[in-house]
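To start, the structure itself, in structure tokens.
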Amino acid sequence: MILDERFDSDTKMWYISLDGEIDIYNAPEFKEKLHQLIQQNPGDFILDCDSLNYIDSTGLGVLISALRRVKEYNGEIKIRNLKPYIYKIFVITGLDKIFTIEVGNREQ
Amino acid sequence: MILDERFDSDTKMWYISLDGEIDIYNAPEFKEKLHQLIQQNPGDFILDCDSLNYIDSTGLGVLISALRRVKEYNGEIKIRNLKPYIYKIFVITGLDKIFTIEVGNREQ
Amino acid sequence: MSSDLITLAIPAKPEYVMIARLSSAAVATRIGFDVDQIEDIKMAVAEAIIMIINQLTRPEKLSISFILDPKVIGIEIFGEGDWESSNISTHDLGQAQLGKYILSSMMDSVKFDLDNGTIRAIFMHKDLGV
Amino acid sequence: MSSDLITLAIPAKPEYVMIARLSSAAVATRIGFDVDQIEDIKMAVAEAIIMIINQLTRPEKLSISFILDPKVIGIEIFGEGDWESSNISTHDLGQAQLGKYILSSMMDSVKFDLDNGTIRAIFMHKDLGV
Ligand SMILES: Nc1ncnc2c1ncn2[C@@H]1O[C@H](COP(=O)(O)OP(=O)(O)O)[C@@H](O)[C@H]1O
Ligand SMILES: Nc1ncnc2c1ncn2[C@@H]1O[C@H](COP(=O)(O)OP(=O)(O)O)[C@@H](O)[C@H]1O
């Protein structure tokens with residue numbers, strides 16, 4: 001789920017690496033964790049999804065919920081290195097328009 | 001199942017690479033194929049199991065059936081590069097005693 | 001030739017949805033779907049289950065039937081438990097909307113069996129398309 | 001707390017055994033078994049199914065139940081179809097012997113439900129062992 005988290009106090013950015021699966025089973029824990037990080041340091045978020053293999057609508061809901069909170073202080077959530085079939089899910093659901101999705105810098 | 005087959009006419013040996021899964025579903029095809037190779041060139045067999053991920057009792061039965069035929073002309077079947085958990089199945093069933101199993105030359 | 005039927009029943013708990021997902025992938029593999037189609041089917045089954053679980057106030061059991069024909073997979077998902085049509089929050093509605101987008105783009109058809117506005121069962125199918 | 005139950009039913013045809021195998025792996029993963037134990041459980045389920053299929057003269061359906069407790073998996077496999085106790089060849093007996101060796105070493109217990117010398121159902125269990 002969350003493989004790694006690091007707050008850069010110079011740029012006020014959270015660097016989060018996601019991995020494995022985010023689904024109806026672990027989404028509540030993921031939500032709690034993200035909200036906790038937002039409270040701890042209300043900065044921008046970079047979510048590195050290089051090792052993320054699966055996310056369902058519950059996981060997407062958590063991202064939306066986090067985005068709402070981050071928007072409250074005019075922050076943003078950037079999503080990076082999505083695998084093609086996960087990127088497809090963001091497009092299908094229209095979430096590619098509300099998150100800043102960086103495409104094309106996926107090294108492989 | 002059978003990834004690759006090659007008969008060396010100098011040494012009178014069949015080099016067979018197995019891959020994937022050999023189970024109740026494809027065992028009949030595997031049996032037919034082995035018997036056909038035995039008829040074509042009654043030589044010794046080297047079965048390279050480096051890419052074999054799964055074999056069930058039906059697949060083992062095919063190997064036993066092939067061994068019986070090969071023994072008729074005093075040939076042998078050598079099994080090479082078994083993955084540890086597949087080697088375990090040969091030991092459990094006692095088949096490690098009727099086949100020539102080469103251990104330890106598995107490069108990884 | 002009549003269709004082959006595979007059925008799976010799991011407790012309607014989040015920790016078991018993954019089992020339905022992986023079993024669906026195995027079924028889809030056997031029919032001959034390609035890697036992307038298998039991903040779609042896994043995802044659709046999971047979303048359908050999530051939708052049904054979210055509508056039940058006391059989810060108990062989920063039954064998933066796979067109806068297999070040479071080039072088509074039909075999937076029926078049915079939930080057992082208590083539910084009320086009134087208990088759906090806007091939060092859940094947003095969630096359900098996400099699920100519906102995903103379902104309808106992953107499968108070739110999706111039908112909802114509604115009971116008083118609540119989804120009780122979902123039928124969907126996907127063609128092999130070759 | 002009572003056990004959770006997962007059931008899977010497949011047509012008793014060789015091409016579907018793989019689905020039971022992969023579903024068993026998913027169930028075992030969820031309980032927390034390690035990679036080797038999951039391999040054992042997959043293999044045991046497949047061997048039990050093969051044994052039952054081989055005893056049926058006209059195999060129809062296989063039902064697999066997984067009874068889940070926090071640290072134990074119980075598996076019951078039951079076959080439907082016609083069978084006669086007389087039709088088992090020595091070839092099949094050799095095959096069955098291989099299967100029995102595998103089953104008994106992969107699982108912590110194995111029980112055969114015999115009807116006139118023929119296996120109708122197989123019950124087995126494995127402990128998580130931690
Ligand atoms: N397209 C959408 N736009 C906005 N919100 C959505 C959309 N789809 C779903 N939602 C819902 O918004 C929810 C997150 O918003 P929020 O109400 O802030 O959640 P929470 O109160 O749990 O933090 C998600 O759970 C999601 O279900
Ligand atoms: N431990 C064993 N030793 C010898 N044969 C065995 C043993 N276990 C099983 N067999 C059976 O021997 C069969 C292969 O022998 P064989 O009668 O030559 O088969 P076929 O007639 O199909 O070629 C296998 O299908 C297998 O079931």
Side-chain angles (χ1 to χ4, degrees), chain A residues 1-2 18-35 47 49-72 77 79 81-99 101 103 106 108, chain C residues 10-25 28 33-56 59 62 64 77 79 88-108 110 119 122:
Chain A
M1 192 176 57
I2 292 187
L18 301 181
D19 80 331
E21 318 198 320
I22 299 176
D23 71 352
I24 185 175
Y25 180 51
N26 62 16
E29 189 189 337
F30 180 51
K31 180 172 186 168
E32 202 179 319
K33 185 77 197 174
L34 277 185
H35 287 189
L47 302 181
C49 297
D50 192 46
S51 306
L52 182 69
N53 296 318
Y54 178 77
I55 187 164
D56 69 11
S57 62
T58 324
L60 295 175
V62 171
L63 294 179
I64 296 169
S65 154
L67 184 64
R68 289 209 186 142
R69 293 178 190 222
V70 169
K71 291 261 187 208
E72 280 168 16
I77 296 183
I79 298 178
N81 292 332
L82 282 174
K83 294 195 171 151
Y85 61 88
I86 300 186
Y87 176 61
K88 184 173 107 177
I89 298 162
F90 278 81
V91 174
I92 288 166
T93 52
L95 297 181
D96 59 327
K97 301 203 182 61
I98 72 163
F99 291 97
I101 298 188
V103 203
R106 189 178 157 76
Q108 39 200 1
Chain C
I10 56 172
K13 298 181 182 174
E15 63 261 45
Y16 295 123
V17 176
M18 170 262 234
I19 291 168
R21 218 162 67 216
L22 296 183
S23 297
S24 306
F33 285 99
D34 68 28
V35 179
D36 285 341
Q37 291 173 318
I38 292 168
E39 246 355 282
D40 288 355
I41 291 168
K42 267 166 78 173
M43 184 108 208
V45 167
E47 291 303 329
I49 290 176
I50 291 169
M51 248 181 235
I52 291 177
I53 287 183
N54 283 342
Q55 303 220 332
L56 296 170
L62 286 160
I64 302 132
I77 296 168
I88 298 171
S89 65
T90 44
H91 180 107
D92 287 347
L93 280 178
Q95 196 68 52
Q97 193 52 50
L98 286 178
K100 281 187 185 170
Y101 287 141
I102 295 173
L103 271 191
S104 59
S105 88
M106 300 288 173
M107 300 298 282
D108 291 330
V110 184
I119 300 166
I122 299 177

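Residue numbering restarts at 1 for every chain, and letters A, B, ... go by the order of the sequence lines.
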Going by side chain to side chain contact (heavy atoms under 4.5 Å, CB included), name the residues that satisfy it together with C/Pro11, two or more places apart in sequence or in a different chain.
C/Lys13, C/Tyr16, D/Asp4, D/Ile6
With heavy-atom distances below 4.5 Å as the criterion, would you say the side chains of C/Asp40 and A/Lys88 are in contact?
yes
With sequence neighbours excluded, tell me which residues meet side chain to side chain contact (heavy atoms under 4.5 Å, CB included) with C/Gln37.
C/Phe33, C/Asp34, C/Lys126, C/Leu128
What distance separates C/Leu98 CG from A/Ile92 CD1, expressed to the nearest 0.5 Å?
11.0 Å
Separation between OG (A/Ser57) and NZ (C/Lys100), nearest 0.5 Å, reads 12.0 Å
Quick one: do C/Met106 and A/Ile89 satisfy side-chain contact (heavy atoms from CB on, under 4.5 Å)? Show the steps, please.
CA-CA 10 Å; C/Met106 300 288 173; A/Ile89 298 162; 4.0 Å; yes
Applying side-chain contact (heavy atoms from CB on, under 4.5 Å) to A/Leu60 and C/Ile102, what does each step give before you reach the verdict?
CA-CA 11 Å; A/Leu60 295 175; C/Ile102 295 173; 4.2 Å; yes
CE/C/Met43 to OH/A/Tyr54 distance, rounded to the nearest 0.5 angstrom?
4.5 Å
Honestly, the part of A/Ile55 sitting under 4.5 Å from a heavy atom of chain C is backbone
N-O pairing of A/Asp23 and C/Arg21 below 4.0 Å:
yes
Measure A/Asp56 against the heavy atoms of chain C and call it side chain, backbone, both or neither at under 4.5 Å.
both
Applying a strict 4.5 Å limit to non-hydrogen atoms, the region of C/Glu47 in contact with chain A is side chain
